[in-house]
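Residues take their numbers from the sequence shown, with the count starting at 1.
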Amino acid sequence: MLFILKKWIGGLLMPLPLLLIIFCIGLILLFFSKKQKIAKTFLLLSFVLLFTLSTMPIAERLVHSVERKYLPIMQPAQRYDVILLLGSGGVADPSLPVTGQLSATALSRFTEALRLYYANPGATLVVSGSGFGDLKSHAQLLEELALAMEIPAAKIIRLDNTLDTDDEARIMATMIRGKRAVLVTSASHMERALQLFYKYGAGPEAAPANFLAKTRMGKIPSHYYIPSSYNLYKTQVAWHEYLGRFQNWIKSLL
């Protein structure tokens with residue numbers, strides 16, 4: 001129950017729902033109260049924030065701020081014993097191949113884990129993630145993809161019941177004691193994930209993946225500056241991490 005409540009509160013605090021709430025408050029005040037100045041302020045605020053957070057310079061600056069603390073592993077052959085792949089999203093749709101069932105974020109993380117595995121074939125791959133009522137757990141989908149990529153079943157460990165990063169860190173920390181482990185998750189999520197591993201006495205190396213803010217060396221086409229839902233998504237990714245860090249900070253005080 002507490003987990004579902006956390007998801008609801010976190011979901012409503014994401015940029016789009018939050019701005020829609022502000023917009024709705026403005027509409028209610030505009031049509032059902034005499035506080036016209038306050039109503040117009042709410043409406044204008046929601047528009048300005050939605051416009052600003054949907055533009056490339058703002059979105060990429062925000063997501064860049066949470067992605068670049070840990071550098072990617074450029075030389076993957078490091079004699080790792082364990083590769084930890086954190087869960088993401090997907091839907092077990094039997095009408096699609098497993099690559100179509102996993103989210104773009106999950107596929108990006110898996111690609112990095114696969115690159116590390118091929119460079120360290122003696123390593124064990126740990127995949128994680130609950131199904132949250134789906135036909136298959138996220139870990140099962142990742143295992144299917146790993147098998148399709150010719151990773152032996154004996155080299156895969158599946159964690160089907162982890163609900164969030166804290167769950168993953170707590171369970172995985174006990175599995176990697178005395179071993180050289182590497183952690184694969186989205187670059188934006190890496191700092192928060194590692195803090196949770198440190199809390200449980202483990203320190204895997206960081207292998208960030210799924211970078212959303214890339215350093216552009218050439219000229220940027222002018223149409224890239226048009227506000228878009230993809231830029232708003234980048235803002236949401238950064239926003240989500242800031243909320244997560246705030247939640248961890250609150251927990252540390254209790």
Taking only distance into account, with no hydrogens and no angle test, what donor-acceptor pairs under 3.5 Å do side-chain atoms of residues 9-36 form with protein atoms, sequence neighbours excluded?
residue, atom, partner, partner atom, Å
Ser33, OG, Leu29, O, 2.6
Ser33, OG, Lys35, N, 3.2
Gln36, NE2, Leu30, O, 3.0
Gln36, NE2, Ser33, O, 3.0

Do the side chains of Val127 and Met190 join up, straight or via other hydrophobic residues, at under 4.5 Å, putting them in one cluster? no

In this structure, CZ of Arg109 is separated from CG of Leu183 (nearest 0.5 Å) by 9.0 Å

Atom pairs and distances, donor-acceptor, side-chain atoms in residues 219-228, under 3.5 Å, two or more places apart:
residue, atom, partner, partner atom, Å
Ser228, OG, Asn231, N, 3.2
Ser228, OG, Asn231, ND2, 3.1

Closer than 3.5 angstrom, by distance alone: can the side chain of Gln101 be matched with the main-chain N or O of Asp93 as a donor-acceptor pair? yes

Sequence neighbours excluded, the answer for salt bridge (charged side-chain N to carboxylate O under 4.0 Å, His left out) partners of Asp81 is none

Would you mind reporting whether Leu159 and Met172 have side-chain heavy atoms less than 4.5 Å apart? yes

Do Phe47 and Leu43 come close enough that some side-chain heavy atom pair is under 4.5 Å? no

Are any side-chain N or O atoms of Asp160 and backbone N or O atoms of Ser130, one a donor and one an acceptor, separated by less than 3.5 Å? no

Let me know which of Arg158, Lys136, Lys155 forms a salt bridge (Lys or Arg N to Asp or Glu O under 4.0 Å) with Glu143. Arg158

Please tell me if the side chains of Ser88 and Phe110 come closer than 4.5 Å, counting only heavy atoms from C-beta onward. no

Heavy-atom distance under 4.5 Å between the side chains of Leu62 and Trp239, does that happen here? no

Can you give each donor-acceptor pair under 3.5 Å made by side-chain atoms of residues 192-199, sequence neighbours left out, with the distance rounded to 0.1 Å?
residue, atom, partner, partner atom, Å
Arg192, NE, Glu241, OE1, 2.9
Arg192, NH2, Glu241, OE2, 3.1
Lys199, NZ, Asp166, OD1, 2.9

Kindly indicate whether the side chain of His138, heavy atoms from C-beta on, has any atom under 4.5 Å from the side chain of Thr162. no

Those residues at least two apart in sequence (or on a different chain) that pass ring-ring contact (aromatic ring centres under 6.0 Å, His included) with Phe132 are Phe3

Within one Ile-Leu-Val-Met-Phe-Trp-Tyr cluster: Leu147 and Leu114, side-chain cutoff 4.5 Å: yes

Output all residues satisfying side chain to side chain contact (heavy atoms under 4.5 Å, CB included) with Tyr233, sequence neighbours left out; order by chain, then residue number. Thr105, Leu212, Tyr230, Val237

Any side-chain heavy-atom pair from Val182 and Gln78 closer than 4.5 angstrom? no

Sidechain-backbone polar pair: Arg68 side chain, Ala213 backbone, donor-acceptor under 3.5 Å: yes

Evaluate the side-chain proximity of Leu84 to Glu168: yes if any heavy-atom separation is below 4.5 Å, no if none is. no

Met175/Val82 under side-chain contact (heavy atoms from CB on, under 4.5 Å): CA gap, chis, key distance, verdict: CA-CA 9 Å; Met175 300 170 61; Val82 184; 6.0 Å; no

Between Tyr117 and Met149, is any pair of side-chain heavy atoms under 4.5 Å apart? no

